[in-house]
Amino acid sequence: MYRKSLAVLLSAGLILSVNGVYAKNIPTSQDNPSDTAFDNKIIKKIKADNMYDIVAKLSEQPRAAGTEGELIGVNFIKDEFEKYGYETELQPFTFLDVLVGTGTLEINGQAYDPYVFSGSYSAKVTAEVLHVGKALNGEVPDEVKGKIALIERGDIPFVWKLQNVLDKGAVGVIMYNHSGTSNRVGVANPGQDIPAVTITKDQGLALVDQLEAEPLTATIDVRDSGYVENTSHNVIATKKPHKNKDTGQIVVVGAHHDSVSGGPGANDDASGVSAVLEIARVMANMQTDTEIRFVTFGAEELGLLGSYHYVSTLEEEEIDNIVAQFQMDMVGSKDSGGDHEAGGLIMYTIDGERNTVTDLGAAAGARTSEVIPYGQLGRSDHQPFYEVGIPAALFIHAPVEDSYHTPADTIDKIDKNKLKQTADIVGASVYQIARFDTPALEHARVAPGPVDYEYDDRPVQ
Ligand code: BES
Ligand code: ZN
């Protein structure tokens with residue numbers, strides 16, 4: 001305590017002697033006592049129990065994009081925002097969902113038990129089999145027209161192989177693995193209208209031998225596989241600035257509400273959603289000079305689809321006005337008692353550089369708990385914001401726990417203190433931008449660090 005006050009006096013004295021005035025409005029010192037008082041207006045109200053209850057509720061069922069479970073989560077989140085008094089919008093968007101089907105394969109009367117390519121076209125075809133090696137670009141023979149191509153895995157992506165034989169008029173694909181004993185590989189793109197299945201390496205090599213001796217006729221029957229259009233949603237709650245005191249700037253606070261299929265996603269990322277909701281709750285009645293958008297994204301696990309969609313709907317001017325995006329993803333895991341301890345908080349940027357968000361986060365961390373390091377990582381919804389030039393960072397605990405993307409990502413793995421620490425830091429950072437007493441942030445994309453904080457390249461997984 002003594003040391004902290006001394007630091008305040010010293011830094012205030014320094015500013016006085018250099019500038020002649022104490023520039024109390026510049027949000028640069030972690031020791032500014034008024035910053036701490038403002039932080040307290042947020043963090044004293046942030047309740048770990050609220051967040052924990054929200055994670056428990058959301059993780060009652062998996063929330064894979066486009067499923068009933070996601071919709072239950074989306075409506076719950078919307079209701080919460082509305083309970084706090086926010087105008088809330090559901091933003092739908094469509095995506096192509098993969099259907100997992102079944103398939104059979106018979107060659108010269110012998111039945112196989114093939115794997116169906118993920119997204120394979122559904123059809124039944126019978127035709128002669130032609131071995132086309134790895135179906136490399138420019139190397140597929142014209143004779144494959146009307147035939148089933150037998151392809152070796154390797155060297156180029158699955159979808160290129162499919163395209164190369166499709167372009168030559170093949171009617172079906174049997175791919176064999178190039179190693180191991182598994183056949184569980186293969187992906188087709190939407191629009192590649194050819195049934196495609198996989199067999200093991202041994203099975204494939206046996207067929208190659210057999211083809212030397214006799215012609216082979218195969219029947220591939222793929223059912224209920226392919227792509228269908230599905231719908232996911234983003235949830236957007238907006239806090240408008242005070243009408244007489246508006247900097248015109250916007251801050252986005254985000255997390256993703258979808259989970260992987262079959263996983264309850266308590267930490268990934270009901271935890272982030274709970275922090276977004278709790279920050280929204282405590283800020284609901286606070287006056288700000290900055291617009292704050294609380295957004296939970298859908299279909300993150302399918303390739304950041306919700307955040308890409310959200311960013312694609314922004315006008316140029318809005319993009320210019322968004323000065324920061326805070327993403328929270330996996331912010332609550334506790335020690336599992338397994339091989340490793342749960343990781344500590346870190347801020348990741350796409351380019352591995354500090355930015356406005358990490359500067360604010362590091363300073364808020366210094367004031368509220370500890371200085372948070374930064375590092376370089378994508379893999380979450382800060383990516384699309386970065387791509388349009390918005391300072392963005394992911395707040396996450398790394399390394400991640402063993403239950404990541406498994407059915408074991410459940411509420412009992414959640415640590416209330418971890419949730420609280422992250423929500424405190426992000427809440428205090430957001431309030432530092434949005435409160436009346438601080439000036440609008442400069443549009444400089446990289447602000448000088450208000451506190452010293454370190455680059456950290458710890459393993460993530
Ligand atoms: N929460 C994860 C991202 C993550 C996982 C970051 C582990 C750091 C450590 C996120 O939901 C996710 O799983 N993302 C995908 C990528 C996305 C583009 C589909 C991933 O990392 O595989
Ligand atoms: Zn996630």
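If you read the sequence from its start, that first residue is 1, and numbering goes on from there. Counting convention: from 1, in listed order, for ligands and their atoms alike.
- Legend: protein N/O/S atoms lying under 2.8 Å from the Zn ion (ligand 2), waters omitted, number 4.
- At a heavy-atom distance under 4.0 Å, only side-chain atoms of Leu377, from C-beta outward, approach ligand 1.
- Distance check: Glu301 CD to His257 NE2 gives 11.0 Å after rounding to the nearest 0.5 Å.
- Contact atoms of ligand 1 toward Ile396: 6 (C), 8 (C) (distance under 4.0 Å to a heavy atom of the residue).
- Counting only non-hydrogen atoms, the option in Asp268, Asn267, Leu304 that gets closest to atom 18 (C) of ligand 1 is Leu304.
- Taking every heavy atom of Asp329 and a limit of under 4.0 angstrom, the matching atoms of ligand 1 come to 1 (N), 2 (C), 10 (C), 11 (O).
- Near Val460, meaning under 4.0 Å from any of its heavy atoms, are these atoms of ligand 1: 8 (C), 9 (C).
- Residue Arg63 holds its CZ atom at 8.5 Å from NE2 of His256, rounded to the nearest 0.5 Å.
- The ring of Tyr455 has its center closer than 6.0 angstrom to the ring center of Tyr374.
- If you run side-chain hydrogen bond (donor to acceptor under 3.5 Å, both in side chains) between Asn267 and each of Lys418, Glu401, His397, only Glu401 comes through.
- Closest heavy-atom approach to atom 19 (C) of ligand 1 among the candidates Glu301, Arg379, Gln461, Glu401: Glu301.
- Around atom CG of Asp351, more than 12 heavy atoms belonging to other residues, nucleotides or ligands sit under 6.0 Å away.
- Looking at Glu300, His397, Gln383, His256 and measuring to atom 17 (C) of ligand 1, the nearest heavy atom belongs to Glu300.
- Atoms of ligand 1 lying under 4.0 Å from any heavy atom of Val400, numbered from 1 in the order shown and given with element: 7 (C), 9 (C).
- Distance CD/Glu370 to CD/Gln421: 5.0 Å, rounded to 0.5 Å.
- Atom CG of Asp269 is separated from atom CG of Asp329 by 4.0 Å, given to the nearest 0.5 angstrom.
- Between Asp269 and ligand 1 there is no heavy-atom distance shorter than 4.0 Å.
- Scored by the salt bridge (Lys or Arg N to Asp or Glu O under 4.0 Å) test, Lys83 finds Glu80 as partners (sequence neighbours excluded).
- Taking CG from Asp268 and OG1 from Thr406, the interatomic distance works out to 10.5 Å, rounded to the nearest 0.5 Å.
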(Q) Before you tell me yes or no, could you show the steps for Phe436 and His242 under ring pair (Phe, Tyr, Trp, His ring centres under 6.0 Å), namely the whole-Å CA-CA distance, both residues' side-chain angles and the distance that decides it to 0.1 Å? (A) CA-CA 9 Å; Phe436 281 175; His242 193 279; 5.7 Å; yes
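- Nearest non-hydrogen protein atom to atom 22 (O) of ligand 1 is Tyr404 OH, 3.7 Å.
- Within the structure, ligand 1 has Gly303 among the residues with a heavy atom less than 4.0 angstrom away.
- Rounding to the nearest 0.5 angstrom, the gap separating the OH atom in Tyr112 from the OH atom in Tyr176 is 13.0 Å.
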